[in-house]
Undergrad: 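Can you read through this structure? Questions will come right after.
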Amino acid sequence: MASAAVLWFGENMSAVPLRSSKTVASAARSVTVLGATGSIGDSTMDLLRASPDRYQVEALTANSNVAALAKLAREFDARFAAIADPNLLEDLQDALAGTGTECGAGESAVIEAASRPADWVMAAVSGAAGLKPALAAVDRGATVALANKECLVCAGDFFMQRAAKAGACILPADSEHNALFQALGSGNREELIRVIITASGGPFRTWASADIEQATLAQALKHPNWSMGQKITIDSASMMNKGLEVIEASYLFALKPDEIDVLVHPQSIVHGMVEFSDRSVVAQLGVPDMRIPIAHCLGWPDRIVGPSAKLDLAKIGQLTFEVPDFKRFPGLRLAYDALRTGNGATAVYNAANEVAVAAFIAGKIRFGAIAGLVEATLEDWMRSGNQAPLTSADDAIVVDHIARNKAATLLPQIAAKAS
Ligand code: NAD
Ligand code: MG
């Protein structure tokens, strides 16, 4: 991990707040949802829908689905709606004609949405495209529920330092990190031994390497427990998602790679655990429903009434745990390697994986080649001597672009090797 200012849950400099630092009023708050039409966006809108008097929607954004964005903007009487595709401004304006909602299009409009004065921002754009909008919310000191893990994976040190500097409050919305956030308050930094994030193991948990290698898109999209967007579902099948989450935890809570363990837990009931020096292990549990961590972020520092199902442990009967298999799921090992390397390696890991997943969806490479492409891109980047600390969003975006181009160049030979 690259050297970072100590940013931790129990320290004044932290962008991730202490449970006891209750500063946010529980009265009505203005909210913005970046990526409102996605899976996390959908869960967030569902929670807002349940308490319409409690929230005023400032801004909503989407990539290209004008109809879905306009529908939400009308329903929630949003002040501003932004579509990332610059060619769709007129369509959005037409769809919102007669409403008081202002419209914008292009990347700058998504950033404007994040810059507008909402108390609470859900950062749920998918991929590296989420970095600049999330930073815009961070820079004005907002409370940011962070679902977009790529912000941390691409530019973790820098992102957390900017958040601390601006006095922004980062609330982890990813279920495992939200679990850690809830458990970490039970002790102090010097008492922490390690954190454990759980992984369902995905649809290929029990499959042999040769079968994983040949898995189809339909098989990869059949997640046993969670209902999520397409990209993250494929990442769960490859366990790249857990790799991204190890990196995410490291930056979010300023933890060394050795302080983060992964445990396969097929039932997805225990989401994260923290072990302290007295050997107490504090865990957060709940049914696998993203509305639980999102509700925790939305209510924080209080708790709101959530719509999710009650956890019935007697009905579930058994919770089981397994050590992850780094051989069958090399993407997880590569994440630890990238984290130890630092200086942009985690951004390369993420970019190469995004290229690999897109190629897999397009039928250009086999499932087993996803990790192969990430490894080849990381190796090439190590040889290039381009490693350096990332000190701006543009630095991170440059590394992201270089890695994407390199991954695209390496793609044909990896595709040929895997077939
Ligand atoms: P999704 O693909 O379902 O939705 C993505 C959203 O971002 C959509 O609203 C889309 O319109 C928007 N978007 C996509 N590309 C964009 C671009 N270039 N510019 C602007 N907007 C763009 O994704 P998701 O599953 O909701 O995941 C969102 C983020 O949350 C990801 O970073 C993911 O890793 C993270 N996350 C998701 C889950 C989950 O359960 N889905 C859990 C934990 C973390
Ligand atoms: Mg997660």
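Computed from a predicted structure; not experimentally measured. Atoms within a ligand are numbered from 1 in the order they appear, just like the ligands themselves.
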Undergrad: Given S186 and V274, is the side chain to side chain contact (heavy atoms under 4.5 Å, CB included) satisfied, shown in steps?
TA: CA-CA 9 Å; S186 294; V274 180; over 6 Å; no
Undergrad: Are any of the N/O atoms in N63 less than 3.5 Å from those in ligand 1?
TA: yes
Undergrad: Which of the numbered atoms in ligand 1 are below 4.0 angstrom from a heavy atom of A84?
TA: 19 (N), 20 (C)
Undergrad: Using heavy atoms and a threshold below 4.0 Å, how should the contact between Q230 and ligand 1 be classified: side chain, backbone, both, or neither?
TA: neither
Undergrad: Going by heavy-atom distance to atom 35 (C) of ligand 1, choose the closest among G35, A147, S227.
TA: A147
Undergrad: Given D174 and N178, is the side chain to side chain contact (heavy atoms under 4.5 Å, CB included) satisfied, shown in steps?
TA: CA-CA 6 Å; D174 205 346; N178 185 268; over 6 Å; no
Undergrad: Is it the case that over 12 heavy atoms from other parts of the model lie below 6.0 angstrom from the CD atom of E90?
TA: no
Undergrad: With a 4.0 Å cut-off on heavy atoms, is K149 touching ligand 1?
TA: yes
Undergrad: If the cut-off is 4.0 Å to any non-hydrogen atom of A36, which atoms of ligand 1 fall inside it?
TA: 9 (O)
Undergrad: On a heavy-atom basis, I'd like to know which of N350, I111, I232 is closest to atom 36 (N) of ligand 1.
TA: I232
Undergrad: Below 4.0 angstrom from a heavy atom of A129, which ligand 1 atoms are there? Numbered from 1 as shown, please.
TA: 17 (C), 18 (N)
Undergrad: Restricting to N, O or S atoms, which atom of E176 is closest to the Mg ion (ligand 2)?
TA: OE1
Undergrad: Between K149 and E354, does at least one N-O distance fall below 4.0 Å, as a salt bridge requires?
TA: no
Undergrad: At under 4.0 Å between heavy atoms, which part of M290 makes contact with ligand 1: side chain, backbone, both or neither?
TA: side chain
Undergrad: Taking only heavy atoms of G38 into account, list the atoms of ligand 1 that are under 4.0 Å away from them.
TA: 1 (P), 3 (O), 4 (O), 8 (C), 9 (O), 26 (O)
Undergrad: Relative to the ring of H177, is the ring of F253 parallel (under 30°), tilted (30 to 60°) or perpendicular (over 60°)?
TA: parallel
Undergrad: Go through the steps to decide whether F80 and E112 satisfy the test side chain to side chain contact (heavy atoms under 4.5 Å, CB included), and finish with yes or no.
TA: CA-CA 9 Å; F80 184 65; E112 186 192 337; 3.7 Å; yes
Undergrad: Closest non-hydrogen protein atom to atom 23 (O) of ligand 1, residue and atom name please, with distance?
TA: S126 CB, 3.9 Å
Undergrad: Can you find a side-chain donor-acceptor pair between T341 and Q387 that sits under 3.5 Å?
TA: no
Undergrad: Evaluate S39 for polar contact with ligand 1, using N/O atom pairs at a separation under 3.5 Å.
TA: yes
Undergrad: Students should be able to answer this: which protein heavy-atom is nearest to atom 43 (C) of ligand 1, and at what distance?
TA: D174 OD1, 3.0 Å
Undergrad: Do H265 and E322 have side chains that get closer than 4.5 Å, going by heavy atoms?
TA: no
Undergrad: Among all protein heavy atoms, pick the one closest to atom 32 (O) of ligand 1 and tell me residue, atom and distance.
TA: E150 OE1, 2.7 Å
Undergrad: Kindly give the atom name of the N, O or S atom of D174 closest to the Mg ion (ligand 2).
TA: OD1
Undergrad: Can you find an N/O atom of T37 closer than 3.5 Å to an N/O atom of ligand 1?
TA: yes
Undergrad: Is the shortest distance from a Lys or Arg side-chain nitrogen in D394 or K132 to a carboxylate oxygen in the other one below 4.0 Å?
TA: yes
Undergrad: Within a distance under 4.0 Å of any heavy atom of G229, pick out the atoms of ligand 1 and give their elements.
TA: 3 (O), 25 (O), 41 (N)
Undergrad: Of all N, O or S atoms in E245, identify the one at the shortest distance from the Mg ion (ligand 2).
TA: OE2
Undergrad: Please walk me through it: do W120 and C297 pass side chain to side chain contact (heavy atoms under 4.5 Å, CB included)?
TA: CA-CA 9 Å; W120 187 92; C297 294; 4.1 Å; yes
Undergrad: Do T32 and M122 touch side chain to side chain, with heavy atoms closer than 4.5 Å?
TA: no
Undergrad: Measure the distances from the heavy atoms of V125 to every atom of ligand 1 and state whether one is below 4.0 angstrom.
TA: yes
Undergrad: Just which atoms of ligand 1 are under 4.0 Å from any heavy atom in I40?
TA: 26 (O), 30 (O), 37 (C), 38 (C), 39 (C), 40 (O), 41 (N), 42 (C)
Undergrad: Pull out every atom of ligand 1 sitting under 4.0 Å from any heavy atom of A124, numbered as shown with elements.
TA: 5 (C), 6 (C), 7 (O), 28 (C)
Undergrad: For D289, is there an ion pair with R291 - N to carboxylate O distance below 4.0 angstrom?
TA: yes
Undergrad: Nearest 0.5 Å, what's the CG-CG distance between L152 and D157?
TA: 10.0 Å
